[in-house]
Amino acid sequence: MDNKGFISIEYLLILFIIIIIASGILFYTSASISSSLNIQDTITHRMILDNLADEINQVNSNGIGYSKNIKLPSDKEYYEITIEKNKLTIEYDNKKGETQLIPANINTKYKLITGKSYIISKTSQGVVIS
C-alpha cells in the first residue's frame, strides 16, 4: 500500500498467486483424503469377504457333521454377500467384489446380510448355510 491507502498491482498479483496455490493444495489434499478413505473401505470389505471364505473352506474341509456359527460385522454400512457354487460376491455402495472358494459342494445360492448370524454346516449334500 502506498501512503494514500491504495493497493499496488504487485500486491494484488501476489495475493492472486497465493490464492491459486492455496486452492491447488486444497484440491490435491481433498483428492488424497478421498482416495485413502476409499482404499480403507475397500480393504475392510475385502477382509470380510476373505474371512467368510476361510470359514466356509474350514467347514468344508472338516467333514460331515462339522458346523460353525458366524456373525457378519455390522459396524460398517449395509452390504450383501452372495454365495454361489465356488464364488463369493460382496455388494456395497454400488461397488462389487469377488473371491473364489476352494471347490465346496454348494448347490444353492445364498444371500447373507449385514449383522445377521448364520450357521455353516457340512452335510452329505455339501455345505449348507442357514
Side-chain angles (χ1 to χ4, degrees):
M1 276 189 165
D2 61 6
N3 55 4
K4 294 182 182 178
F6 291 102
I7 298 177
S8 67
I9 286 291
E10 293 87 19
Y11 289 124
L12 286 176
L13 186 59
I14 291 172
L15 183 63
F16 182 68
I17 291 172
I18 289 173
I19 289 173
I20 289 175
I21 291 171
S23 64
I25 290 172
L26 286 175
F27 176 75
Y28 177 73
T29 304
S30 170
S32 296
I33 290 173
S34 175
S35 176
S36 67
L37 291 176
N38 189 20
I39 290 170
Q40 179 183 3
D41 190 43
T42 302
I43 289 173
T44 301
H45 286 93
R46 182 63 185 200
M47 291 297 294
I48 292 170
L49 199 61
D50 286 344
N51 287 339
L52 181 60
D54 288 342
E55 298 291 337
I56 292 172
N57 288 334
Q58 182 180 12
V59 168
N60 186 45
S61 65
N62 277 319
I64 295 175
Y66 187 80
S67 65
K68 196 162 201 177
N69 248 345
I70 61 161
K71 180 171 168 90
L72 296 178
S74 60
D75 57 344
K76 297 291 177 189
E77 68 276 347
Y78 178 81
Y79 58 87
E80 285 185 358
I81 297 176
T82 305
I83 303 170
E84 26 180 359
K85 301 208 184 240
N86 63 343
K87 181 173 69 171
L88 289 175
T89 307
I90 189 168
E91 295 180 30
Y92 62 98
D93 291 340
N94 295 324
K95 297 177 186 173
K96 192 175 190 180
E98 292 182 353
T99 191
Q100 298 293 319
L101 287 171
I102 294 174
N105 190 10
I106 300 176
N107 298 321
T108 309
K109 182 176 179 178
Y110 296 101
K111 265 206 187 292
L112 310 180
I113 300 173
T114 308
K116 302 269 183 171
S117 293
Y118 298 94
I119 298 173
I120 304 170
S121 55
K122 175 81 181 246
T123 64
S124 59
Q125 288 82 26
V127 176
V128 177
I129 300 173
S130 55

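Along the sequence shown, the residues carry numbers beginning at 1. What you are looking at is a predicted structure, and each value in this text was computed from that prediction instead of being measured. Note that these values count all heavy atoms, side chains included, but never hydrogens, waters or copies made by symmetry.
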- For residues Ser74 and Gly115, report the shortest heavy-atom separation together with the two atoms involved. CB-CA, 3.6 Å
- Might you point out which heavy atoms bring Asp93 and Glu77 nearest each other, and give the distance in Å? OD2-OE2, 3.5 Å
- Message: I'd like to check Lys122 versus Val127 (side-chain heavy atoms, cut-off strictly below 4.5 Å). Are they in contact?
- Response: yes
- Message: Tell me whether Leu13 at atom CG has more than 12 heavy atoms from other residues, nucleotides or ligands lying less than 6.0 Å away.
- Response: yes
- Under 4.5 Å between any side-chain heavy atoms of Tyr110 and Leu88, yes or no? no
- Item | Ile90 CD1 to Ile81 CD1 distance, which is reported to the nearest 0.5 Å | 4.5 Å
- I would like to know whether Lys111 and Thr82 meet side-chain contact (heavy atoms from CB on, under 4.5 Å); could you show each step before the answer? CA-CA 5 Å; Lys111 265 206 187 292; Thr82 305; 3.3 Å; yes
- Task: Please round to the nearest 0.5 Å and tell me the distance separating atom OG1 of Thr108 and atom CD of Glu84.
- Result: 11.0 Å
- Task: May I ask you to decide if Glu98's main-chain N or O and Arg46's side chain share a donor-acceptor pair within less than 3.5 Å?
- Result: yes
- Ser67 to Ile119 - nearest heavy-atom pair and separation: CB-CG2, 4.2 Å
- How long is the span from the OG atom in Ser121 to the OH atom in Tyr66, to the nearest 0.5 Å? 11.5 Å
- Query: Is Leu72 close to Ile113 at the side-chain level, that is, under 4.5 Å between some pair of heavy atoms?
  - Reply: no
Quick one: side chains of residues 25-39, donor-acceptor pairs under 3.5 Å with protein atoms, not counting sequence neighbours, listed by atom name and distance.
unit_1 : atom_1 : unit_2 : atom_2 : d
Thr29  : OG1    : Ile25  : O      : 2.8
Ser32  : OG     : Tyr28  : O      : 3.0
Ser36  : OG     : Ser32  : O      : 3.4
Ser36  : OG     : Ile33  : O      : 2.9
Asn38  : OD1    : Lys95  : NZ     : 2.5

- Within the distance-only criterion (no hydrogens, no angle test), does the side chain of Lys71 pair as donor or acceptor with the backbone N or O of Ser117 below 3.5 angstrom? no
Just list the side-chain donor-acceptor pairs under 3.5 Å for residues 48-58, sequence neighbours left out, or say none.
unit_1 : atom_1 : unit_2 : atom_2 : d
Asn51  : ND2    : Met47  : O      : 3.2
Glu55  : OE1    : Lys68  : NZ     : 3.0
Asn57  : OD1    : Ile102 : N      : 3.4
Asn57  : ND2    : Ala53  : O      : 3.2
Gln58  : OE1    : Lys68  : NZ     : 2.6

- Message: What's the separation between atom OH in Tyr79 and atom CG in Leu112, rounded to the nearest 0.5 Å?
- Response: 9.0 Å
- Item | Partner set under ring pair (Phe, Tyr, Trp, His ring centres under 6.0 Å) for Tyr92, not counting sequence neighbours | His45
- Message: Working to the nearest 0.5 angstrom, can you tell me the gap between Asp41 CG and Ile43 CD1?
- Response: 10.0 Å
- Query: NZ of Lys87: more than 12 outside heavy atoms within 6.0 angstrom?
  - Reply: no
